[in-house]
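Working notes, beginning with the structure itself.
The basis for the numbers below is simple: all heavy atoms, side chains too, and nothing from hydrogens, waters or symmetry mates. Positions are given from 1, in the same order as the sequence printed here. Both ligands and their constituent atoms are indexed starting at 1 by order of listing.
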Amino acid sequence: AQPKEPALPLFYGWFLISEVEEKIKCSTMEFLKTLDTLEAFKKHISEFTGDADKEVDLEQYFQTKAPLHCTTEFCDYGKAEGGKEYAEQQVVKDSCGTGTELSVVGLIVTPRTFGARVSLTPEQLLLWPTGADKLGIPPADLPGVEALPVGSRAHVTLGCAAGVEAVQTGIDLLEILILQQGEEKAVTVEELELGTLSYMGQGRWYLALREPVTCDATFSSFSE
Ligand code: A2P
């Protein structure tokens, strides 16, 4: 009989340790509460509700996904392209179970997703798969993605609107970063205690944190 191939996981990534997870959930919910009450946000509320007169409770609007993590490689149990090659890399094998510090530098809110932007260190980039920033996105749909630095897509999905898949957070983040690089500069709407809040059109908000938030995390695979 042929020896059985080891099964591939659903995905690999850095998982926030539970104490940090709780802290991040609380502080990011606080941010949603703040955003909800801003006049600037209310002005664009219809992009979330479809109706300018309707209110939205952002804390309810986004469904939190657990456990909080930053995906590196989505293997889909072997159905996704490149998963096997990724899993076979020595650096991936050696890193499973090891700790690292993720640096959260910003938060994004769109009508679809709520996420934290992660800035990867050169060491962390060794675990970032080549092409991951573009994976699953037809280039024609996201012009400008090629020009972004490697690792731009790195993020933690904090929540998704009803019916939205988590994979959307990375796409929303890339879209915002492409807009930031473009000619049209974002409208800075508010200096908050947490950082600078910008509005990017079509219900897209970006908070550049004044101080990056460091999160202890463990690299590991995940299967359901
Ligand atoms: P993300 O990394 O943006 O949070 P799901 O729950 O949909 O099965 O996904 C499991 C994890 O894998 C999620 O964290 C999700 O998104 C990520 N993911 C799902 N599909 C893809 C994909 N095609 N490319 C990259 N990451 C994906």
Side-chain angles (χ1 to χ4, degrees), residues 7-18 20-22 24-25 28-29 31-32 58 61-87 89 92 95-96 100 102-120 124-142 145-146 148-178 203-207 213 215 217-224:
L8 288 173
L10 179 60
F11 64 90
Y12 286 88
W14 292 285
F15 292 79
L16 304 193
I17 65 164
S18 52
V20 173
E21 191 173 43
E22 283 315 306
I24 292 290
K25 271 188 197 160
T28 55
M29 280 298 166
F31 166 65
L32 286 186
L58 286 179
Y61 185 88
F62 293 113
Q63 289 155 19
T64 341
K65 309 260 168 162
L68 293 187
H69 65 274
C70 173
T71 306
T72 53
E73 174 81 14
F74 181 68
C75 301
D76 202 9
Y77 306 111
K79 281 180 270 174
E81 210 182 314
K84 186 162 177 279
E85 292 73 14
Y86 181 82
Q89 286 181 78
V92 172
S95 301
C96 279
T100 192
L102 292 181
S103 177
V104 170
V105 294
L107 296 177
I108 67 159
V109 176
T110 79
R112 297 164 298 280
T113 62
F114 176 35
R117 179 184 176 198
V118 174
S119 167
L120 299 176
Q124 289 164 346
L125 280 171
L126 296 176
L127 290 164
W128 192 250
T130 35
D133 297 299
K134 287 158 226 156
L135 211 73
I137 306 165
D141 294 342
L142 262 189
V145 75
E146 322 74 44
L148 294 177
V150 176
S152 294
R153 189 181 184 166
H155 66 279
V156 176
T157 297
L158 299 168
C160 292
V164 175
E165 303 269 2
V167 65
Q168 185 65 43
T169 316
I171 299 169
D172 284 357
L173 171 60
L174 289 174
E175 227 181 74
I176 286 174
L177 297 179
I178 291 166
R204 295 169 294 199
W205 298 84
Y206 182 73
L207 176 77
V213 177
C215 301
T218 309
F219 184 75
S220 147
S221 62
F222 182 91
S223 297
E224 258 166 342

Nearest 0.5 angstrom please: [X] [atom1] to [Y] [atom2], how far?
X	Y	atom1	atom2	value
His155	Ser119	NE2	OG	14.5 Å
Phe114	Leu158	CZ	CG	5.0 Å
His69	Thr218	NE2	OG1	13.5 Å

Problem set entry | Whether Thr71 side chain and Glu73 backbone form a donor-acceptor pair below 3.5 Å |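 Checking the backbone N and O of Glu73 against the side chain of Thr71, no donor-acceptor pair under 3.5 Å is found.
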Problem set entry | Neighbour list for ligand 1 [protein residues, heavy atom under 4.0 Å] |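 Contacts of ligand 1 under 4.0 Å: Leu10, Phe11, His69, Thr71, Phe74, His155, Thr157, Glu165, Ala166, Val167.
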Exercise. Does the ring center of Phe222 lie less than 6.0 Å from the ring center of Phe11?
Worked result: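 When the ring centroids of Phe222 and Phe11 are compared, they turn out to be within the sub-6.0 Å range.
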Exercise. Does some side-chain heavy atom of Phe62 sit less than 4.5 Å from a side-chain heavy atom of Cys160?
Worked result: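 Cys160 does not reach Phe62 side chain to side chain.
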